[in-house]
Structure formats: structure tokens, C-alpha cells
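Sequence lines set the chain letters: A, B, ... in the order given, protein chains first and strands last, and positions in each chain run from 1. Computed from heavy atoms alone, side chains included, the values below leave out hydrogens, waters and symmetry copies.
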Number of protein chains: 2
Amino acid sequence: MPTSTVENYLKQIYIDQPTDEATMMPMGRLASAVGVTPGTATAMIKTMTESDLVVYEPRTGVRLSPEGESLALQVLRRHRLVELWLVEILGLDWSEVHEEAEVLEHAISDKVLARIDALLGHPTVDPHGDPIPTADGDVVARAHTSLPRCETDKPLRIVRIADQDPEFLTYADQNGLVPGARLIVERRDRIADAVTIRVGGHDPITLGTSAAERLLVEPADGQTADPR
Amino acid sequence: MPTSTVENYLKQIYIDQPTDEATMMPMGRLASAVGVTPGTATAMIKTMTESDLVVYEPRTGVRLSPEGESLALQVLRRHRLVELWLVEILGLDWSEVHEEAEVLEHAISDKVLARIDALLGHPTVDPHGDPIPTADGDVVARAHTSLPRCETDKPLRIVRIADQDPEFLTYADQNGLVPGARLIVERRDRIADAVTIRVGGHDPITLGTSAAERLLVEPADGQTADPR
DNA sequence: TTTCTGACTTTGACAAGCCAAAGTCGCAGT
DNA sequence: ACTGCGACTTTGGCTTGTCAAAGTCAGAAA
Ligand SMILES: [Mn+2]
Ligand SMILES: [Mn+2]
Ligand SMILES: [Mn+2]
Ligand SMILES: [Mn+2]
């Protein structure tokens, strides 16, 4: 059984994988993701290599082994189910649940997790729209596009908010920018590096591209949204 | 903020206090309660003395300081609320919740605890009948007597089961020996060191004194039981 | 009063994590 | 090919929490 420290390293490596490529995560990036100095990360990764959780190439980076990935997915499943439980059952704000889940993800047993999963009706996405891995490690991620890459005047639906920062999440919530919300891109301004959108009944709002990139959307067509 | 190790030491010292006396817990007993060797306990208690959590007298024992007691009560509150949540909301068996709570008691934030408390309707006792300390550290324990010390043929009600062993708890549950259950002592046999009781609709059962001592009861009079 | 014994404390060692700072490596730019 | 620099690794040291084994003490037994 891995320690919670090891679980955190595994999770961060998993999350960093941008595509499904067998690409390596640089040690510096891992260190800052986990919140330790580079030397600490190097030492840790070496011992994790001993236990076959990762593949490490000095001066290149680190990648999960199959066993490592499987463990990472279990941690991620706990994290996201806990987040959803905190929001749906206990009524916490979606901006604050990430920090709480960061602790609880290491303390929830399989049995308790299974009960929470059932209580929530075997959900597939967490409050931020992130997919919840299944108990046997499958991730069914919905296809999505980054908002600034979308055409204007097409109906879109928010799939996911790719940012855990409480301030950003609070702002998003106040503007109706939650998973399932429908919106259209009204204008895209290359020079101002901004995007103007209109959400549901709200007034139009303008976001800088870097903020808009955190909003992942899908085409909404004429169909009804099925949120969560 | 104390580590979870420190929280465990504090909790064990608190639980050991038999009466409300300012008596000392011997180091050997503490060590085995926490599950470490005596040398480890001595070292730990010394550092806890530095932080004014305990009062330590070499070769005599250890006792909680006021600050230590306050922290211990917070841990105990978390433990017992979590146990009740596991039983009442998630439907786990009362025989298995102690172990689960042993981990979760260190991972639950004040905010989450407050929500769970509200969800449960601000309960006063846990699934085993142990009192749940209030948020500001009051413990309202109901008066009780150990079963073997009771008169025969008087109506009694179980207040508390003072044992966390899953086997014992499963046995108790199967025989209707749960908090709130009514029973009478049919016979007390000094020589056989046993007590025969009759619970609700069940057949009479005979318990050895040492097992019966784990059952804490109160007089039931004619009044209706108000369980929990 | 002296001795023995079991409970306790001390000592030395170890594992997991961590940091700071010194050392090394590879590659971008010349 | 050479030099620098930033990213990475190594080294030495620290903290927390633990055990095993050796040393000490107080009270029971003689
Ligand atoms: Mn999160
Ligand atoms: Mn999330
Ligand atoms: Mn318990
Ligand atoms: Mn209990």
C-alpha cells in the first residue's frame, strides 16, 4: 500500500499527461506540482522506480508504469468522488472542495468509497466536469474543445472547468460558467487577446484568452443538455 | 496543529481516564494502547510535554494538560461523529466503523464535520452509545452501571457497549444487545462467574462476567426508551 | 535491610520525507 | 568546437516516528 506522499506523486504525474502519449514529465515540473524542491522529487522518484511505479530517465523525466497508472487512477477516483460528495450531499461550495478532497482522498477505504459512489448514483463526472475513473480504472472523457478555439455564434455547452483555483471557480459560478451551461461565442478579438461570450440568461462577458482556455466546451446542437 | 500521531496519543490518554480523577496513566499502558514500544511512548510524551499537551512524571505516568484534553475531545468528537455517519448514512455495520473512523478522524476538517453533525441532527451518542463531545468540549455522559453489578429482575436499558472488538459487537448485535435495548438480569451466579439475561423478545442468554461488564445499563423504570 | 524483578528510560539505529547548497550535464548560442 | 546557463542530480543534514537492547529504578519479597 503506497503512502499518501507516493499517492500524491502518482496523481500529479498522471494529471500532467497532456495527451495519451507515452511522454515524460520533466522533474522540475513534477517537483513544483507536488510542492517540493527538485532534489526531493529526484530522491522520491528513485525509490518509486524501485517499486516499479514509474519509469525514470535521468535528465529526461518520469512516466507512470502500468501499475503506477492504475494506482493513480484509484486516487483520482477517490478525489473526484469525494469532491462530488462534498458538493452534492454536504453542500460545500465547488470552489472549496478541492482542498478538502486533497486530504480525504488518502483516508477513504474502498468500502466507504463504494457506498459514496452508490449514494451519488454512480456519477461519471465531478463538480468541475472532470471524469471520474471507474472502479476498474477506465476513464471515459467526453470530447471537448478549448473555448478560444471555437467558432463564433455556434451553440456550445460547458463540459469542464480546467482550473481548481477557488477565486476563478467563484468567478465562474457567479457568471453561470458551470458544467452543462450553454453559451455562444459572440466575438473573438485576436488583438485584444480576448473572447466575448454570452451564457444562458446572463449579460455578455469578456474573458482574456488565458482564462477562456480553462473553459472546455462541446457543440450543443439543438439537443437537450444532459448535465452530469 | 498536532500530527495524527499526537492526536492518537492524546485520545488514548483521554479514554483511559477511568473516573474524572486527575490520576496518571502509566507509560506501559499508554504504549500498548497506542501500539508502540514503551521506549517510543516515553520519547513521544517528552516532546508532547514540550508543547504543554501533557504533564509527565517519570516512572509514574502521564496526564493531559487542559490544552491536551481540549484537543483530545475534538479528536473524539470527530471519531464518534464519523462512526455514526458511517452507520446511519452509509449503512456500514457498527462492528466495522471503529477502524474506519480511526483513519478518518484525522482527515475531516471542521467545516465538513459541522455539515455531518447537522446531517445527523446534532446527535449526542455514537453507535456504541459513547457520548459525542460537543463542539466546545462538553461531554454529557449518561449515568450507567456495569451489568454484573445490577439487581436481578429489575427492568434495565442498555446505555453503552464498552468494547470496540468487531467479533464482540457482531455477537452483541445478533443477540439484540444494542444501545436502547431493554433487558432484565434473570440470574447472577457467583460461582460460575456468569450472568443470565433476557433481552426484549429473545431467549435468555448467559454471559461470563467479563463480557457482561462491557454492557453498561441504566434503570429502565416504566418510561419509554428514547434510544440515541 | 538487602535483593530481585518488572516497569520504565536511555541509547543507538533506522526509514520516510524533506531542504539547501554544491556539483554536473546538455544544449543553445557563438 | 567552446562557453554559459538553466535544469537536474548529489550530498549532507534535519525532523518525526519507530524498534531493539542495554541500563536504571522503586517497590515487593525475603
Ligand atoms: Mn480537485
Ligand atoms: Mn475536481
Ligand atoms: Mn471507535
Ligand atoms: Mn464508538
Q) For dC18(C), does OP1 or OP2 lie under 4.0 Å from any side-chain N or O of Y9(A)? A) yes
Q) Base, sugar-phosphate alone, or nothing: which one does G39(A) contact when heavy atoms must sit under 4.0 Å apart? A) base
Q | Length of the NE2-P vector between H106(A) and dA16(C), whole Å | A | 18 Å
Q: Take the protein atom CG of L30(B) and the nucleotide atom P of dT18(D), then report the distance between them rounded to whole Å.
A: 11 Å
Q: In plain terms, say whether R149(B) and E213(B) are close enough for a salt bridge, that is, a side-chain N and a carboxylate O under 4.0 Å apart.
A: no
(Q) Between R214(B) and D165(B), does any NZ, NE, NH1 or NH2 come within less than 4.0 Å of an OD or OE carboxylate oxygen? (A) no
Q | Atom-pair distance (CE on M27(A); C1' on dG6(D)), nearest Å | A | 16 Å
Q: From the options dA20(D), dT9(C), dG17(C), select the nucleotide whose nearest atom is closest to the side chain of T37(B).
A: dA20(D)
Q) What is the distance from OH of Y56(B) to P of dC8(C), rounded to the nearest Å? A) 9 Å
Q.
Tell me the interatomic distance from R59(A), atom CZ, to dG26(C), atom P, rounded to whole angstroms.
A. 7 Å
Q.
Please determine whether a side-chain nitrogen or oxygen atom of T40(B) lies at a distance below 4.0 Å from atom OP1 or OP2 of dC19(D).
A. yes
Side-chain donor/acceptor pairs under 3.5 Å, residues 36-47 of chain B, sequence neighbours excluded:
| residue | atom | partner | partner atom | Å |
| --- | --- | --- | --- | --- |
| T37(B) | OG1 | T40(B) | OG1 | 3.0 |
| T42(B) | OG1 | P38(B) | O | 3.1 |
| T47(B) | OG1 | M44(B) | O | 3.0 |

(Q) Tell me whether E151(B) at atom CD has more than 12 heavy atoms from other residues, nucleotides or ligands lying less than 6.0 Å away. (A) no
**Q.** L169(A) versus D163(A), closest heavy-atom pair with distance
**A.** CD2-O, 3.5 Å
Q: Please check the phosphate of dA16(C) (OP1 and OP2 only) for any side-chain N or O of T3(A) closer than 4.0 Å.
A: no
Q | Pair H98(A) and H79(A), ring centroids less than 6.0 Å apart | A | yes
Q: List in numerical order all residues of residues 42-53 of chain B for which some heavy atom is under 4.0 Å away from an atom belonging to DNA chain C.
A: T42(B), K46(B)
Q: Go through dT9(D), dA26(D), dC8(D) for me and flag the one nearest to the P26(A) side chain.
A: dC8(D)
(Q) Can you confirm whether R29(B) is buried at CZ, in the sense that more than 12 heavy atoms of other residues, nucleotides or ligands lie under 6.0 Å from that atom? (A) no
